[in-house]
Amino acid sequence: MKLEDTNKAVQQYVASIAFDQRLYRQDIEGSIAHTKMLAKQGIIAESDAETIIKGLDSIRVEIEQGKFQFKIELEDIHMNIEARLFEKIGDVAGKLHTARSRNDQIALDMRLFVKEEASKTIDELKKLQRSLVELAEANKDVIMPGYTHLQQAQPVLLAHHLLAYFEMFQRDKERFYDCLNRTDVLPLGSGALGGVSYPVDREFVARELGFSKVSTNSLDAVSDRDFVIEFEASAALTMMHLSRLAEEIILWSSSEFGFIEIDEAFTTGSSIMPQKKNPDVAELARGKTGRVYGNLMAILTIMKALPLAYNRDMQEDKEGLFDTVDTLHSSLKIFAKMMKAIKVDVNRVREAIKRDYLLATDLADYLVKKGLPFREAHSVVAKLSEYAVNNHKSFHELSLSEYHNFSPLFDEDVYNITLESSVAARNIVGGTSSQQVEAALTRAREILRGACPGEPKL
Ligand code: ARG
């Protein structure tokens, strides 16, 4: 290979412009704030600052209008913008990079980016929670089988089941708030690694850019990507929750369950089997979760054992983050819409619990109330259940004398045990009774209005 070819190959290998052009807005915003500060501190002339800022503004317009030519030989977004600034305003452009390094510049761009994306995510999570609350409210009285091991266990309200996801997404929101809070630190002023030797005003730049704090160790500030990892970890958890919801939607919409119908807009037909309505959106969210996990593993591995301070390895933080951001946003948005449009087939849900064996716990509790120790009651009802199953009868179809074969403690009032009474009995904080679920819905609505004391503030 000729040296020239080698140079080209290296140039391509180290360039990030193909993907970090996505940070142009943050880069320009950061440069403008930096320039204003340089002028305010008398480090550059006011008139030079004006020229630089005007130039940067017009570059932003060029990029937004698709007129900007990104050049691979200029490596990254910082150099591409700076080179264009030289073309536009001449040598004054050379003053922009005073008291700054690309190391603190990229740390800044990334923090601005993650802050924005975290707050967008919180918004999207809220919208998804709202859809869940609406679906729960529209089906407030529906009793469904609750499962453990995917076996019918006890009756629960469908609304209670849906609100379990509300809780998961609430914790996700808290994690993104938390991530946002730790990302909210200005790294600019750290220079290449040891700080800068000019009388900069870091607090001013922080205020200009909406940061509430400035970093307190320059070495850490340029080599820290914890905030990227935290975002990706929070995203991985959120996707894990989405994948569980996706799985239930897939199961529930199958012909075997038939509990729900997904709006056609979110399904696709089969090219060969005309009866099919495939839950592709849910399946893809389940699948994309794997990609998001992969990105998290990648950034953790990239950062592992890196010596201080900046190392070029860190440039590899971007593509995974961007991919996670895009996957997360699109998944949350589409789920908020899909959940809103779900139709519950109340008859099919009822049908699934016609054989009322999931009242076994309540029968055992009944015997306990009549004085039997729980373990004995459990064993009596286990035998009773086996008998009922073998004779193809529901509990309520058994005669009192059949009940008496298992325990003399059974009485006429055993027939008062119904799906409804079972649900109503669980009237304990966090339980599935209508009263508790009503309270949970009220709390959920309060959280969505932002009036809940537990809600972290931005
Ligand atoms: N493109 C680089 C990155 O994304 C920017 C910082 C480069 N700094 C350097 N000294 N080469 O990490």
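Start at 1 and go down the list; that is how both ligands and their atoms are numbered.
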Ring pair (Phe, Tyr, Trp, His ring centres under 6.0 Å) partners of residues 116-137, not counting sequence neighbours, each pair once: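 Qualifying pairs, neighbours excluded: none.
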Proximity of F231 and F176 rings by center, below 6.0 Å: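 For F231 and F176, the ring centres are under 6.0 Å apart.
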Quick test of your reading of the model: are D224 and R111 salt-bridged, counting only N-O distances below 4.0 Å?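 Yes, this pair counts.
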Thinking salt bridges, do K8 and D5 make one under a 4.0 Å N-O criterion?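 No, this pair does not count.
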With K40 as the cation and F204 as the aromatic partner, state whether NZ or CZ is under 6.0 Å from the six-membered ring centre and within 45° of the axis.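 Ring-cation test returns yes.
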Cation-aromatic face contact K288/Y293, 6.0 Å, 45 degrees: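 That pair does not qualify as a cation-pi contact.
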So which residues, sorted by chain and number, lie with a heavy atom under 4.0 Å of ligand 1?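 Only S16, D76, H78, R102, N103, I106, Y310, R312, Q315, K318 have heavy atoms that fall under 4.0 Å of ligand 1, ordered by chain and number.
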